[in-house]
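Index from 1, following the sequence. For clarity, every value in this text was computed on a predicted model and none was experimentally measured.
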Amino acid sequence: MESVKRKSSGSCPPSKKAAAVSSRAVKVVTCDKWIAENDVSLNTSVWLKYERKKEDRSVVELLSCSVCIKYEDKVRSCKNYSDAFIVGSRNLRTSAFKDHAATEMHKRAMGFYRRDQAQSSNPIDFAPIAQSLCKMDETAAAIAGRKFDITYLLCKEHIAFSKFEAFCRLEEQHGVNLGTGGKNEFACATYCTYIAKSLSNQVAADLTKANFFSVQTDGSADAANVEEEIYVALYCDPHSQDGKLRVRSKLIGVLQPETVDANGLMSTFVRAMEHIAVPDWQTKLVGMGCDGATVNMARNGLKGKLAEEVPWIIVVWCVAHRLELALKDALSNSVFSEVDTMLMRVYYLYEKSTKKSRELDEIVSSLRECVEPNDMPGSSSRGGNKPLRACGTRFVAHKVAALRRIVDR
């Protein structure tokens, strides 16, 4: 009796589950909406395809991934490989294709796809944003270009997206036609996403064509005091036409490590390489530059972890950082250590006191009548009066600029 009850109270057989999934009716319009809404984050317009029902052409029957289908032979060996989106999935939910986009096999297939497209002679054939721009008339394309220019300026000058609408109003007051929509901060964020995507694709195309490249990395804390890792690629320009060797330095990304130990930094490094979507980065990576922190240079640190993946890699301790440490040790028992202490005390004397800073400005203003200040040419300190910070391990130029400011004022 108990066995009968267990059997009756149990879940339905797999065939009934499959039937329940397949019975979910999704309209073609809904799928098109899914593709449009997720295109920025998942590139769904490139790979997400659907098959209509024969009985009702307005209803979707299967979802599939055209990129995984194309590169099936190359992704079959991936961990947790599944052919659901290759033969066609009847799971017609947004979570289904989003989970597929996060799999290793899909990421690798997209890497091969971008590599092949980067080698294509006509990028308009595969770039959705380029296709959209091609369908625009000249007036609409010019309007979109102006909005992208304003967004790029805001990003470069570190201006908040909330100011985008004000910039648009100013341009319209000057007689510039910006159309009727897409002039708020949310539109600005969308434009910024496409700009970043375009620049990232350009770097990925360059690294794909390059024979080899190196990576520079360093840690930094953002305004919220959160640890971030910065990755910059160095490579020889593959587009040089005159035969001259030109070295390019391009940002790969700024990523937050889960932990600031060897395993965490290695995981973040791999994520940075996957972010730039270079499928064979292990075979092209030849060098890495970083500071001399133990977590970077130790045998069981990032250097050792990378050597396991890329045995031929050359890890270089930042020359400028080593030079600064060498000078610091050489001058530690000299008169300059007293000068360094003086710079630190003078800096903190004026840093926290608005009254003292105002008095310093008044003194300098009075002295201008008989002495003309002579700041360091090209220095960012030009025109200021407060002492510069030069304490701690800093590059020599910082200390020179601080001394110039003290002597000049």
> Is the side chain of Trp312 donor-acceptor paired with the backbone N or O of Leu285 at a distance under 3.5 Å, no angle test?
Replying inline: yes
>> When you compare the side chain of Asn263 with that of Glu258, does any pair of heavy atoms fall below 4.5 Å?
In response: no
>> On a heavy-atom basis, which atom in Cys65 and which in His106 lie closest, and how many Å separate them?
In response: SG-ND1, 3.5 Å
>> Would the distance check show the side chain of Ser267 and the main-chain N or O of Gly264 forming a donor-acceptor pair, the cut-off being under 3.5 Å?
In response: no
> Checking side-chain hydrogen bond (donor to acceptor under 3.5 Å, both in side chains) for the pair Asp56/Ser58: CA distance, chi angles, key distance, verdict?
Replying inline: CA-CA 5 Å; Asp56 186 354; Ser58 65; 2.7 Å; yes
> Is the closest basic N to carboxylate O distance between Lys183 and Glu172 below 4.0 Å?
Replying inline: yes
> Do the side chains of Val203 and Phe213 get nearer than 4.5 Å, heavy atoms only?
Replying inline: no
> Where the side chain of Asp39 meets the backbone of Ile35, is there a donor-acceptor pair that is under 3.5 Å apart?
Replying inline: no
> Judged by atom type as modelled, is there a donor-acceptor pair below 3.5 Å linking the side chain of Asn184 to the main-chain atoms of Ala187?
Replying inline: yes
> Salt-bridged, Lys305 to Glu309, with N to O below 4.0 Å?
Replying inline: no
> Are any of the side-chain nitrogens in Arg52 or Glu61 under 4.0 Å away from the carboxylate oxygens of its partner?
Replying inline: no
>> Donor-acceptor pair, distance only, cut-off 3.5 Å: does the side chain of Thr30 make one with the backbone of Val26?
In response: no
>> Show, in sequence, the C-alpha distance, side-chain angles and deciding distance for Tyr231 and Phe269, and conclude whether the ring pair (Phe, Tyr, Trp, His ring centres under 6.0 Å) test is met.
In response: CA-CA 8 Å; Tyr231 299 95; Phe269 188 93; 5.7 Å; yes
>> Determine whether a donor-acceptor pair (N or O, by modelled atom type, separation under 3.5 Å) exists between the side chain of Thr190 and the backbone of Phe186.
In response: yes
> Is the NZ or CZ atom of Lys284 positioned over Phe212's six-membered ring, under 6.0 angstrom from the centre and within 45° of the axis?
Replying inline: no
